[in-house]
Protein chains: 2
Amino acid sequence: MTKPTIKDIAAQSGVSIATVSRVLANKSGSYSEKTAAKILKIAKELGYRKNSAAVDLVKKGADVIALIINATPTNFSTQIIDGIQQRASELGQGVIILYAGNRDHALQHQAIITALGRSVSGILLAAIEPDEEDLTLLKESQIPFCFVSLYLGTAAILAVSSDNRDLAYQATQYLIDQGHTRIGLVGIDEYHTGSQRRIGYQEAMTANHLAPATVLPGDYSYEAGVRLLQAVKDQGLTAVLAASDMVAAGILTAAQQHKIRVPADLSIMSIDGTIICQITTPALTSVTQDFYQIGRQSVNKVMGQPALDFVPVKIVERASVVPPAD
Amino acid sequence: MTKPTIKDIAAQSGVSIATVSRVLANKSGSYSEKTAAKILKIAKELGYRKNSAAVDLVKKGADVIALIINATPTNFSTQIIDGIQQRASELGQGVIILYAGNRDHALQHQAIITALGRSVSGILLAAIEPDEEDLTLLKESQIPFCFVSLYLGTAAILAVSSDNRDLAYQATQYLIDQGHTRIGLVGIDEYHTGSQRRIGYQEAMTANHLAPATVLPGDYSYEAGVRLLQAVKDQGLTAVLAASDMVAAGILTAAQQHKIRVPADLSIMSIDGTIICQITTPALTSVTQDFYQIGRQSVNKVMGQPALDFVPVKIVERASVVPPAD
DNA sequence: CTGAAAGCGCTAACAC
DNA sequence: GTGTTAGCGCTTTCAG
């Protein structure tokens, strides 16, 4: 048998499809208990399931938020997704996730187009660096969108993230307070998040009359961390602020292979604070971001509710930072 | 201005909506180059985007595969998703991901219902343990579904995974070959995957005349590993086969806190082989699963193409297993 | 090669 | 409370 429709239910229960629709849509007050019970019963028997394409078509828009996400943030994505899902559900919205590959521009663009085609009620872009084309597409679409864990530097575009400048400032200051002076910022990219962190780092260095600043660019990955250790050594740094837990883990592994003791010879401070920080030996001291909250706030924002722009971070002391040896 | 439709394009280009539809749907051969060019041009000017709800409705089904996933497999999900996305795209299918929370039965059920309502062309369930209700729903739906990284023990239900029995057998045998005799299987659950691994483990032990077998149940998490170390100690094991990289990491961390040296005092072999294995100190020797391939094959399977049921695993030697001290 | 017309399954006025 | 009816935006016969 083919997939049942409200028509089938109407036929079997002896009422019109309008009534069936009302009951199934829970338009309370506009139908009697009795008919409702009958209809629900038959619907269940038939294994009826609403065709959301039809609903979306007539309602002009789905009660769904699209979340576009890429491969990079694997570490923290779960928490962000949890926050988004939870808040969305409170607001009666479903969530579909579109995967944009690993910084793959074509896929990323494709994902945006898909979301637009489904006329979702909002689009969330997690850790996505948009290009001009993406932005144009989004803006023209008339549907609200919000960047998550990425701040484009302008209030004109909705976004929820940690305050990256402040985050880097705090972390750097922490390292300085421990007595370090030769501190590097390692593994950040050249885009928004990276530049913001770089600024915070540099401000902290300058404020403490420390120079020159050492920035080693990378792509937030474990491999970048491994690769960058050599430069860290060459620069004679005693402490590094790693762009992500993964970068920190990479630096750590590489350091161990080179017989550099962490933290005795090199202190590592990580940005993110995911479970990765607990897994390594030594455990990584970190500036921990509140990804769950970032997720929740981004839903608020994209749904037009009051929301934070920046979610506070906190420093969690573990075992990878100690004062320099001298 | 409101969202443009083919009607708008038709009006501006002076042709019928039928022709516009044909051009936009690429029904090659059924329109002239000239009209096509004109229509495409106008479509672009208007910023036209197809309404997929309308398409799905008339086509009775979307060219989309739904992937339902839960929080647990964070570690390996990226690879599975990559494989799925890639293969799906080759077959002209989009992918939407539905998040089922953390072994949350209500959410899981909800995700299945959502997928069915969208009349997707196939449903992939990654590391999802279905209950009876889920299975009934799926079977009645008439739409193909396939479990990913989970084998329900029957060929009647589509599934692609590693051969868990074999995987555990190989791993256990490897430990035995290193000279271990007091080996435990740690952190597995009581469901399908867990039981299959348990059987493989037990068969290997028995085949080598080793007994009794020690199985310490858990939920594949880091925390389970931490918690279970005590039991590992109490049982006087010299080697453990951890149910996942996370469990292995947990055991490792806890061991280090208890001054148990790994691998000198305790060898740890991990199941999965994600990047986690490289991050820890020592790096974790593992039975590595080919998640990317599992993803690809599952798409083949759910799309009715020839596909593997079981994807081969391989043992990757790192630094967490050595012969016992004695 | 193109147009007219009939829906896909559902919701939302508008009557009764 | 419930039925009738007109579409939502698109694809697809069937003519021409």
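As the structure is a computational prediction, the values presented were derived from the model and not from experiment. Each chain gets a letter, A, B and so on, in the order its sequence line appears, and its residues count up from 1.
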Next item on the list: Check the distance between C:dT2's C1' and B:Ile39's CD1 and give it to me in whole angstrom.
Entry: 10 Å
Checklist line | Nearest-angstrom distance from the residue atom CZ of A:Arg118 to P of D:dC10 | finding: 13 Å
Note to self: Checking the side chain of B:Ser32 only, and the main-chain atoms of B:Thr35 only, is there a donor and an acceptor separated by less than 3.5 Å?
What the structure shows: yes
Check: OP1, OP2 of C:dG7 versus side-chain N and O of B:Lys60: anything below 4.0 Å?
Finding: no
Next item on the list: Determine which pairs satisfy salt bridge (charged side-chain N to carboxylate O under 4.0 Å, His left out) with at least one residue from residues 48-59 of chain A, sequence neighbours left out, and list them in order.
Entry: A:Asp56-B:Arg118
Next item on the list: With sequence neighbours excluded, tell me which residues meet ring pair (Phe, Tyr, Trp, His ring centres under 6.0 Å) with A:Tyr31.
Entry: none
Next item on the list: Measure from NZ on B:Lys38 to P on C:dC1 and round the result to the nearest Å.
Entry: 15 Å
Notebook entry, point to check: OP1, OP2 of C:dT11 versus side-chain N and O of A:Lys50: anything below 4.0 Å?
Noted result: yes
So which protein N/O to nucleotides 1-5 of chain D N/O distances come out below 3.5 Å?
{"unit_1": "D:dT2", "atom_1": "OP2", "unit_2": "A:Ser32", "atom_2": "N", "d": "3.0"}
{"unit_1": "D:dT2", "atom_1": "OP2", "unit_2": "A:Thr35", "atom_2": "OG1", "d": "2.9"}
{"unit_1": "D:dG3", "atom_1": "OP2", "unit_2": "A:Ser16", "atom_2": "N", "d": "2.7"}
{"unit_1": "D:dG3", "atom_1": "OP2", "unit_2": "A:Ser16", "atom_2": "OG", "d": "3.0"}
{"unit_1": "D:dG3", "atom_1": "OP2", "unit_2": "A:Thr19", "atom_2": "OG1", "d": "2.7"}
{"unit_1": "D:dG3", "atom_1": "N7", "unit_2": "A:Arg22", "atom_2": "NH1", "d": "3.3"}
{"unit_1": "D:dG3", "atom_1": "O6", "unit_2": "A:Arg22", "atom_2": "NH2", "d": "2.2"}

Notebook entry, point to check: Is any side-chain N or O of A:Lys27 closer than 4.0 Å to OP1 or OP2 of C:dA12?
Noted result: yes
Item checked: Euclidean distance, atom CD of residue B:Glu33 to atom C1' of C:dC1 [Å, nearest integer] -> 12 Å
Notebook entry, point to check: Got a sec, which residues hit side-chain contact (heavy atoms from CB on, under 4.5 Å) with B:Gln85, two or more places apart in sequence or on another chain?
Noted result: A:Tyr99, A:Leu107, B:Val95
What side-chain donor-acceptor pairs closer than 3.5 Å can you find for residues 119-127 of chain A, not counting sequence neighbours?
{"unit_1": "A:Ser121", "atom_1": "OG", "unit_2": "A:Val64", "atom_2": "O", "d": "3.0"}
{"unit_1": "A:Ser121", "atom_1": "OG", "unit_2": "A:Gln93", "atom_2": "OE1", "d": "2.5"}

Note to self: Looking at B:Lys301 and B:Asp309, is there a salt bridge between them, counting it only when a charged N and a carboxylate O are closer than 4.0 Å?
What the structure shows: yes
Checklist line | side-chain contact (heavy atoms from CB on, under 4.5 Å) assessment of B:Gln86 paired with B:Tyr292 | finding: CA-CA 10 Å; B:Gln86 200 123 51; B:Tyr292 177 81; 2.7 Å; yes
Next item on the list: Let me know the distance between NZ of B:Lys7 and C1' of C:dA5, rounded to the nearest Å.
Entry: 13 Å
Check: Any donor and acceptor pair, going by atom type alone, linking the side chain of B:Glu129 with main-chain N or O of B:Leu150 inside 3.5 Å?
Finding: no
Item checked: Degree of bending in the helix from C:dC1-D:dG16 to C:dC16-D:dG1 once both end axes are built from five pairs, to 10° -> 30°
Margin query: Heavy-atom nearest nucleotide on DNA chain C for A:Lys59 versus B:Leu57: which residue maps closer to 5'?
Written below: B:Leu57
Item checked: Value in whole Å for how far the C1' atom of D:dC10 lies from CZ of B:Arg49 -> 16 Å
Next item on the list: Decide, yes or no, whether a salt bridge links A:Glu90 with A:Arg296 under the criterion of side-chain N to carboxylate O below 4.0 Å.
Entry: yes
Note to self: Expressed as a whole number of angstroms, how long is the span from A:Asn51:CG to C:dG7:C1'?
What the structure shows: 14 Å
